Amino acid sequence: MNRLKQLRKEKNLTLDDIQKETSINRGTYNNYENGTTKPSDDTWQALADFFGVSVDWLKGYGYSREELAKLLSDGYDESFTYQHSRDLDNKIMDAIAEKTGNKIMQSMVQFQKEYGNLKKIIDLYARLMNLEVPKDENERVKFFTDKMSFLFAMPEAQRLLNATHSYTDAEVKESLLDALLNFTNMLYHSSKLDKSNEKYQ
């Protein structure tokens with residue numbers, strides 16, 4: 001379903017306001033909102049420009065940062081973990097690491113096993129950055145969009161922001177968990193490296 005009605009309501013606009021601002025007949029716009037008729041490509045672009053969003057997002061594809069932050073907050077509350085076992089992935093990585101003697105890969109597997117849920121990885125990130133995760137859900141969503149904005153530049157989140165099809169909530173949370181594990185793993189190990197370097201200075 002498109003986001004025309006959602007945006008109109010968020011901006012406190014009536015159908016009459018839309019007609020006045022865009023020259024689209026209120027009945028036609030109402031049909032667009034309900035999916036009875038579809039706008040032309042030019043009309044989609046004009047509406048996207050009017051609302052300041054992308055055409056794909058307006059059509060109902062992809063996620064906004066706020067939607068991702070809300071799903072992240074929900075995942076934090078439920079200590080979301082992978083819905084599909086990562087045991088096979090970990091066994092493969094363990095075998096490769098053992099065969100090649102790759103200690104970095106071994107530590108990545110261990111890190112994923114230890115911090116492979118959204119609550120644990122977010123709490124670790126906050127601890128490493130000397131931040132506190134808010135208990136209130138609305139404040140937490142703002143915390144994720146403001147204090148963890150790096151997340152939205154990660155490839156996993158970019159795929160969700162620019163999606164041209166829908167995902168289940170679990171798939172979105174798994175992608176966000178992947179992104180956080182990748183980023184926080186690097187942050188964690190670099191902080192350990194910094195501490196060990198301090199010993200030798």
Side-chain angles (χ1 to χ4, degrees), residues 1-11 32-33 35 38-39 41 44-45 47-90 93 108-109 111-126 128-129 131 133-134 136-188:
M1 188 58 132
N2 68 53
R3 294 182 168 104
L4 290 168
K5 188 172 195 170
Q6 171 191 334
L7 281 172
R8 180 174 62 79
K9 297 270 188 196
E10 284 175 9
K11 300 205 180 273
Y32 292 163
E33 283 186 346
K38 294 188 186 306
D41 289 343
W44 274 122
Q45 188 60 60
L47 288 168
D49 292 344
F50 174 73
F51 286 116
V53 298
S54 73
V55 171
D56 282 341
W57 191 81
L58 190 59
K59 286 181 174 180
Y61 302 130
Y63 296 83
S64 68
R65 288 175 177 230
E66 292 73 24
E67 289 169 321
L68 292 180
K70 174 75 173 84
L71 285 166
L72 195 56
S73 183
D74 293 346
Y76 181 85
D77 280 340
E78 63 196 37
S79 292
F80 178 87
T81 191
Y82 290 108
Q83 299 302 293
H84 309 330
S85 173
R86 296 290 165 130
D87 290 342
L88 182 59
D89 292 346
N90 289 338
M93 286 178 67
M108 286 172 60
V109 171
F111 186 85
Q112 183 172 313
K113 286 178 184 175
E114 188 171 343
Y115 294 104
N117 93 40
L118 281 174
K119 182 164 182 22
K120 284 183 181 178
I121 197 67
I122 290 167
D123 285 342
L124 175 63
Y125 171 80
L128 291 169
M129 300 303 290
L131 299 169
V133 180
D136 176 74
E137 183 182 353
N138 291 330
E139 289 178 25
R140 194 178 324 127
V141 168
K142 185 168 174 22
F143 172 85
F144 292 145
T145 54
D146 294 348
K147 303 290 186 193
M148 296 178 71
S149 59
F150 71 88
L151 180 62
F152 304 110
M154 302 282 293
E156 298 88 347
Q158 281 294 307
R159 187 178 72 244
L160 297 169
L161 290 166
N162 299 305
T164 56
H165 63 282
S166 60
Y167 293 93
T168 65
D169 286 356
E171 289 170 327
V172 171
K173 291 173 188 173
E174 283 186 357
S175 290
L176 295 172
L177 179 54
D178 283 341
L180 282 165
L181 279 167
N182 291 334
F183 183 84
T184 309
N185 187 17
M186 290 184 297
L187 187 65
Y188 175 76

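These numbers come from the heavy atoms of this one structure, side chains and all, not from hydrogens, waters or symmetry mates. Owing to the predicted nature of the structure, the values given are computational and were not obtained by experimental measurement.
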| query | Between OG1 of T81 and CD of E174, what distance do you get to the nearest 0.5 Å? | reply | 8.5 Å
| request: Please tell me if the side chains of L68 and L151 come closer than 4.5 Å, counting only heavy atoms from C-beta onward. | output: no
| field | Residue pairs, two or more places apart or on separate chains, that pass salt bridge (Lys or Arg N to Asp or Glu O under 4.0 Å) and touch residues 176-188 | value | R86-D178
| remark: Rounded to the nearest 0.5 Å, the CG atom of L181 sits from the CG atom of L176 at a distance of 11.0 Å
| request: Return the set of residues passing ring-ring contact (aromatic ring centres under 6.0 Å, His included) with F150 (not counting sequence neighbours), or none when no residue passes. | output: Y125, F183
| field | Inter-residue atom distance F152.CZ - Y63.OH, 0.5 Å rounding | value | 13.5 Å
| said: According to salt bridge (charged side-chain N to carboxylate O under 4.0 Å, His left out), who are the partners of K59, at least two apart in sequence or on a separate chain? | reply: none
| task | Using side-chain contact (heavy atoms from CB on, under 4.5 Å) as the criterion, point out the one residue from D56, D49, V55 that pairs with W44. | result | V55
| D123: what forms a salt bridge (charged side-chain N to carboxylate O under 4.0 Å, His left out) with it, not counting sequence neighbours? | K119
| remark: Heavy-atom closest pair (S73 atom, R140 atom, distance to 0.1 Å) is OG-NH1, 2.8 Å
| From N185 atom CG to E114 atom CD, the distance as rounded to the nearest 0.5 Å | 10.5 Å
| Quick one: side chain to side chain donor-acceptor pair (under 3.5 Å) pairs with a partner in residues 141-154, sequence neighbours left out? | K142-D146
| request: For Y76, enumerate each residue passing the ring-ring contact (aromatic ring centres under 6.0 Å, His included) test, keeping only those at least two apart in sequence or located in another chain. | output: none
| Below 4.5 Å, heavy atoms only, C-beta onward: do L58 and N2 meet side chain to side chain? | no
| Listed by chain and number, what are the salt bridge (charged side-chain N to carboxylate O under 4.0 Å, His left out) partners of E156, not counting sequence neighbours? | none
| said: Could you report the tightest heavy-atom contact between A153 and Q158, atom names first, then the distance? | reply: O-CG, 3.9 Å
| Test log, rule side-chain contact (heavy atoms from CB on, under 4.5 Å), inputs L7 and L47 | CA-CA 10 Å; L7 281 172; L47 288 168; over 6 Å; no
| field | Residues forming a ring-ring contact (aromatic ring centres under 6.0 Å, His included) with Y61, sequence neighbours excluded | value | none
| Heavy-atom check, side chain of L180 versus side chain of M148, under 4.5 Å | yes
| remark: Sorted by chain and residue number, the side chain to side chain contact (heavy atoms under 4.5 Å, CB included) partners of R3 (sequence neighbours excluded) come out as Q6, W57, E67
| request: May I have the step-by-step check of side-chain contact (heavy atoms from CB on, under 4.5 Å) for K11 and F50, ending in yes or no? | output: CA-CA 11 Å; K11 300 205 180 273; F50 174 73; 5.8 Å; no
| said: Checking K38 now: which residues fulfil side chain to side chain contact (heavy atoms under 4.5 Å, CB included) with it, not counting sequence neighbours? | reply: none
| query | Looking at residues at least two apart in the chain, or sitting in another chain, which of them share a ring-ring contact (aromatic ring centres under 6.0 Å, His included) with Y115? | reply | F111
| Considering residues at least two apart in sequence or located in another chain, which fulfil the salt bridge (charged side-chain N to carboxylate O under 4.0 Å, His left out) criterion with E171? | none
